[in-house]
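What you see below is based on every heavy atom in this structure, not just the backbone, and it leaves out hydrogens, waters and symmetry mates.
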Amino acid sequence: MTFRIEATDGAARSGVLRTAHGDIRTPAFMPVGTKGTVKALHPDEVRALGADVVLANTYHLHFRPGERVVEELGGLHAFSGWDGPILTDSGGFQVFSLRDTIAALDDDGVTFRSVYDGAEARFTPEGTAEIQRRLGSDIAMCLDVCLPAGAPAAELERAVQITTLWAERQVDAPRAPGQLRFGISQGATDVELRTQSIDEIAALPFDGFALGGLAVGESKDEMLDCVEWAGPRLPPARPRYFMGIGDPEGILEVVARGIDMFDCVLPTRTARTGSALTWEGRLNLRNSAYRTDPRPLDPDCACPACERFSRAYVRHLVTQREMLGLRLLSLHNLRFVLDLTARARAAIERGTFSSFRDEALARLAGPPEEEPCNS
Ligand SMILES: [Zn+2]
């Protein structure tokens, strides 16, 4: 058994997904290491923050340095120094989110221009499966057609059709040793198309199932309404992955709807813009209110930034563009979402997830960030 559910609480579940490079405790937040690195952090730091699994990006690694280089150096684990589980996306999201670079989409694949040098490139279902085999990730994602919110109905329908066609071609594609493969459903928030897509993908023997094409510009209410019914429709005995959510409120909401895994660049990207995720909401450290604030970023956090440094010091580093500021905020923000996810898991195991979520959402909506320190 690759995936074991250990507890359920309402629709929320906790479990363990076994991979060739270790276990992933779920619900699991997956820090994003786009180019084979969680930006600015050492793999040991990422592990110490509580991450079980990191995500890497097939699109970027294919173009730089190329899967041949990675394979020659022993695969992505050896190459990047992260020996835990790695999930690779298929590259489809990058191709379809850079719509201006797409030259042709047909039943066989998609032709586009590389963002690196403008050269023409082509991704096919078998091709991206092969790249992921050579990268040697523990979980490979299917190539799918992901459209932005508000795409015309005819386009959406075609995206669902092609996504199924491609999934059928990837399900038995060669894999790295022990590599799992997840199928992805599309269909935006359209009930009929999403249902069709889930049912078609779920009929194939994948190791896990994802909701793709959400959190791509639709309203939060539309997105959550969709996950409410689409999450539980995914096969219950397999891990369920919501692609692209990582804000604290969003994590709580999708976990409540039966999602087991999620990823997002938000914690690290937010760090690079000088903001901290905290139990008081988001703090913009550029705000002069923190100039002499002696408190840690979050008094309830045990990360390397909060253990030793004040908001005033982090603000000083951020405003002076010191690299340490970016690193401390990255460490803190990742720790914050990983800790939130761990607390959610513990609450599910205790059968108190619903009250935990309500209290957490109330705290996160707390006092405005501009409130200065009065001490
Ligand atoms: Zn912290």
Apply side chain to side chain donor-acceptor pair (under 3.5 Å) to residues Y241 and D263 and explain how you reach the verdict.
CA-CA 9 Å; Y241 170 20; D263 74 286; 2.8 Å; yes
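- Side-chain contact check for S14 versus P27: some heavy-atom pair is nearer than 4.5 Å.
- Ion pair E349/R25 not flagged as a salt bridge, since none of the NZ, NE, NH1 or NH2 atoms sits closer than 4.0 Å to an Asp/Glu carboxylate oxygen.
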What do the steps show when you test R311 against E280 for salt bridge (Lys or Arg N to Asp or Glu O under 4.0 Å), and what is the final call?
CA-CA 14 Å; R311 291 178 185 179; E280 297 169 30; 3.2 Å; yes
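- The one candidate from E45, H332, E322 that meets the side-chain hydrogen bond (donor to acceptor under 3.5 Å, both in side chains) condition with R327 is E45.
- Linking Ile, Leu, Val, Met, Phe, Trp and Tyr whenever their side-chain heavy atoms come within less than 4.5 Å puts F356 and L277 in one cluster.
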Criterion salt bridge (Lys or Arg N to Asp or Glu O under 4.0 Å) on K220 and D247, from CA distance to verdict:
CA-CA 12 Å; K220 191 166 184 178; D247 65 292; 3.7 Å; yes
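- In this pair, F112 and F63 present their aromatic rings perpendicular. The plane angle is above 60°, beyond the 30 to 60° band.
- By the 30° and 60° cut-offs, the orientation of the rings of F206 relative to F209 is perpendicular.
- Counting all heavy atoms, side chain and backbone alike, R315 lies closest to N287 at NH1-O, 3.3 Å.
- The two residues N57 and Y59 come nearest to each other via the heavy atoms OD1-N, 3.1 Å.
- No side-chain heavy atom of T26 sits less than 4.5 Å from a side-chain heavy atom of R13.
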T189 vs E218, side chain to side chain donor-acceptor pair (under 3.5 Å): CA-CA, chis, key distance, verdict
CA-CA 8 Å; T189 55; E218 75 281 9; over 6 Å; no
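- Looking at every heavy atom in both residues, A271 comes nearest to N333 through N-ND2, 3.4 Å.
- The OG atom of S90 sits 13.5 Å away from the CZ atom of F182 when rounded to the nearest 0.5 Å.
- Looking only at distances, a side-chain donor or acceptor of S219 sits under 3.5 Å from a matching main-chain atom of E222.
- Taking CG of L55 as the reference point, atom CE of M30 lies at 5.5 Å (rounded to 0.5 Å).
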Should E120 and T111 be marked as a side chain to side chain contact (heavy atoms under 4.5 Å, CB included) after you check the CA-CA gap, both sets of side-chain angles, and the distance that decides it?
CA-CA 7 Å; E120 189 171 284; T111 303; 3.5 Å; yes
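- Among L331, V337, L334, the one residue that satisfies the side-chain contact (heavy atoms from CB on, under 4.5 Å) test with T268 is L334.
- A donor-acceptor pair is defined here as one N or O able to donate and one able to accept, closer than 3.5 Å; such a pair exists between the side chain of Q179 and the backbone of Q132.
- Using cut-offs of 30° and 60° on the angle between ring planes, the pair H21 and H77 is parallel.
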R357 vs D9, salt bridge (Lys or Arg N to Asp or Glu O under 4.0 Å): CA-CA, chis, key distance, verdict:
CA-CA 12 Å; R357 175 181 64 150; D9 186 359; over 6 Å; no
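- By the 6.0 Å contact criterion, CZ on R122 is enclosed, its count of non-hydrogen atoms from other residues, nucleotides or ligands being greater than 12.
- The structure places CZ of F96 at 11.0 Å from CD of Q94, a figure rounded to the nearest 0.5 Å.
- In terms of heavy atoms, P267 sits closest to G246 at CG-O, 4.1 Å.
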Going through the checks in order, is the side chain to side chain contact (heavy atoms under 4.5 Å, CB included) test met by D300 and R363?
CA-CA 12 Å; D300 199 10; R363 274 182 83 184; 3.2 Å; yes
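- Between I184 atom CD1 and W166 atom CH2 the span is 11.0 Å, to the nearest 0.5 Å.
- With salt bridges taken as basic N to acidic carboxylate O contacts below 4.0 Å, none links R335 and D298.
- Note on R257 versus D225: no salt bridge recorded, every NZ/NE/NH1/NH2 to OD/OE distance being 4.0 Å or above.
- Few gaps surround CD on E6; more than 12 heavy atoms of other groups in view lie less than 6.0 Å from it.
- Within the model, atoms OG1 of T19 and CD1 of I139 stand 6.5 Å from one another, a figure rounded to the nearest 0.5 Å.
- Not one N or O on the side chain of R233 forms a donor-acceptor pair closer than 3.5 Å with the backbone of R194.
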Would R133 and E130 count as a salt bridge (Lys or Arg N to Asp or Glu O under 4.0 Å) if you check the C-alpha gap in whole Å, the side-chain angles of each, and the deciding distance to 0.1 Å?
CA-CA 5 Å; R133 186 191 69 75; E130 177 61 10; 2.8 Å; yes
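- Other residues, nucleotides and ligands contribute over 12 non-hydrogen atoms within 6.0 Å of the CZ atom of R169.
- Smallest separation of non-hydrogen atoms from L297 and T278: O-CG2, 3.5 Å.
- If you run side-chain hydrogen bond (donor to acceptor under 3.5 Å, both in side chains) between Q186 and each of T163, T164, D144, only D144 comes through.
- At least one side-chain heavy atom of S185 sits less than 4.5 Å from a side-chain heavy atom of L211.
- Exactly one of L165, L143, D108, V110 qualifies for a side-chain contact (heavy atoms from CB on, under 4.5 Å) with P125. That residue is L143.
- For R64, the CZ atom counts as densely surrounded, since its 6.0 Å shell holds more than 12 non-hydrogen atoms of other residues, nucleotides or ligands.
- Taking a 6.0 Å sphere around CZ of F93, one finds it holds 12 or fewer heavy atoms contributed by other residues, nucleotides or ligands.
- Within a 6.0 Å sphere centred on CD of E72, other residues, nucleotides and ligands contribute 12 heavy atoms or fewer.
- Distance check, rounded to the nearest 0.5 Å: CG of D260 to CZ of F3 gives 4.0 Å.
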Under the side chain to side chain contact (heavy atoms under 4.5 Å, CB included) rule, what do E253 and I245 come out as? Steps first, then yes or no, please.
CA-CA 10 Å; E253 298 291 12; I245 203 153; over 6 Å; no
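- The nearest pair of heavy atoms linking P239 to L17 is CG-CD1, 4.0 Å.
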